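Note that the coordinates shown come from a computational prediction; the quantities given were computed from them, not determined experimentally.
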Amino acid sequence: MQFDLGTVKPVGGVVVQPRPGNDERVLAYKVKVSTDGTNFQDVDNSDSFTGNGLNDDSQARANGYFSSLYMAQSMRAGLLLLAETCSDGLQNQGEAGVDCGGPCGACCGNGL
């Protein structure tokens with residue numbers, strides 16, 4: 001994801017929050033910043049930041065504070081790991097089909 005901040009300004013972190021009514025969670029991400037929208041540099045030596053993890057609070061926020069302020073007009077957040085859910089569009093976590101079976105319950109149309 002890329003964000004345009006409009007003008008060059010000091011940036012000290014990122015907040016991630018899930019969309020209401022959605023159980024997907026960002027577990028980890030990396031950030032890059034740019035003062036011109038073209039040349040990007042890694043934030044905090046390309047360390048990853050922790051997202052909001054798995055919990056029952058659909059509005060849980062996770063603050064990712066940088067070790068120092070960065071001057072930026074544009075920011076890129078690269079998702080490293082999304083939590084496996086029953087609405088991620090993938091067959092994972094022991095599911096019998098895409099987002100069905102296993103921990104997600106019955107699948108439609110295949111008798112599981």
Side-chain angles (χ1 to χ4, degrees):
M1 295 183 291
Q2 184 165 320
F3 308 94
D4 183 353
L5 305 176
T7 61
V8 176
K9 56 186 71 173
V11 179
V14 173
V15 176
V16 294
Q17 176 178 336
R19 293 177 294 174
N22 190 311
D23 61 353
E24 295 174 352
R25 298 285 189 266
V26 174
L27 299 180
Y29 60 97
K30 290 188 177 191
V31 179
K32 294 183 177 212
V33 294
S34 172
T35 57
D36 63 9
T38 302
N39 301 301
F40 285 83
Q41 73 177 54
D42 292 325
V43 168
D44 290 351
N45 297 316
S46 195
D47 287 343
S48 63
F49 295 89
T50 302
N52 43 1
L54 295 172
N55 59 49
D56 295 329
D57 184 356
S58 64
Q59 296 303 311
R61 293 182 181 184
N63 299 319
Y65 296 109
F66 305 158
S67 63
S68 62
L69 291 177
Y70 287 82
M71 297 305 293
Q73 177 179 337
S74 299
M75 296 176 59
R76 287 183 179 164
L79 304 178
L80 299 176
L81 185 61
L82 291 174
E84 296 176 342
T85 69
C86 293
S87 61
D88 58 14
L90 301 171
Q91 182 177 346
N92 52 20
Q93 65 176 345
E95 298 167 355
V98 174
D99 294 332
C100 63
C104 300
C107 285
C108 296
N110 66 3
L112 295 175

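- Clustering ILVMFWY residues whenever any of their side-chain heavy atoms sit less than 4.5 angstrom apart, transitively, puts Tyr65 in a cluster other than the one holding Leu5.
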Identify each donor-acceptor pair in which a side-chain atom of residues 69-80 lies under 3.5 Å from a protein atom, sequence neighbours left out, and give them as a table.
| from | atom 1 | to | atom 2 | distance (Å) |
| --- | --- | --- | --- | --- |
| Tyr70 | OH | Asp44 | N | 2.8 |
| Tyr70 | OH | Asp44 | OD1 | 3.2 |
| Arg76 | NE | Gln2 | OE1 | 2.7 |
| Arg76 | NH2 | Gln2 | OE1 | 3.2 |

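- Under the 4.5 Å side-chain heavy-atom criterion for grouping Ile, Leu, Val, Met, Phe, Trp and Tyr, Val11 is not connected to Phe40 through any hydrophobic cluster.
- Pairing each heavy atom of Val8 with each of Thr35, the nearest pair is CG2-O, 3.5 Å.
- A tilted orientation is assigned to the rings of Phe66 and Phe49, their planes being inclined by 30° to 60°.
- Connectivity analysis of hydrophobic side chains (ILVMFWY, heavy atoms under 4.5 Å, direct or indirect) links Val15 to nothing; its cluster partners are none.
- For residues 27-41, the salt bridge (Lys or Arg N to Asp or Glu O under 4.0 Å) pairs, not counting sequence neighbours, are Lys32-Asp42.
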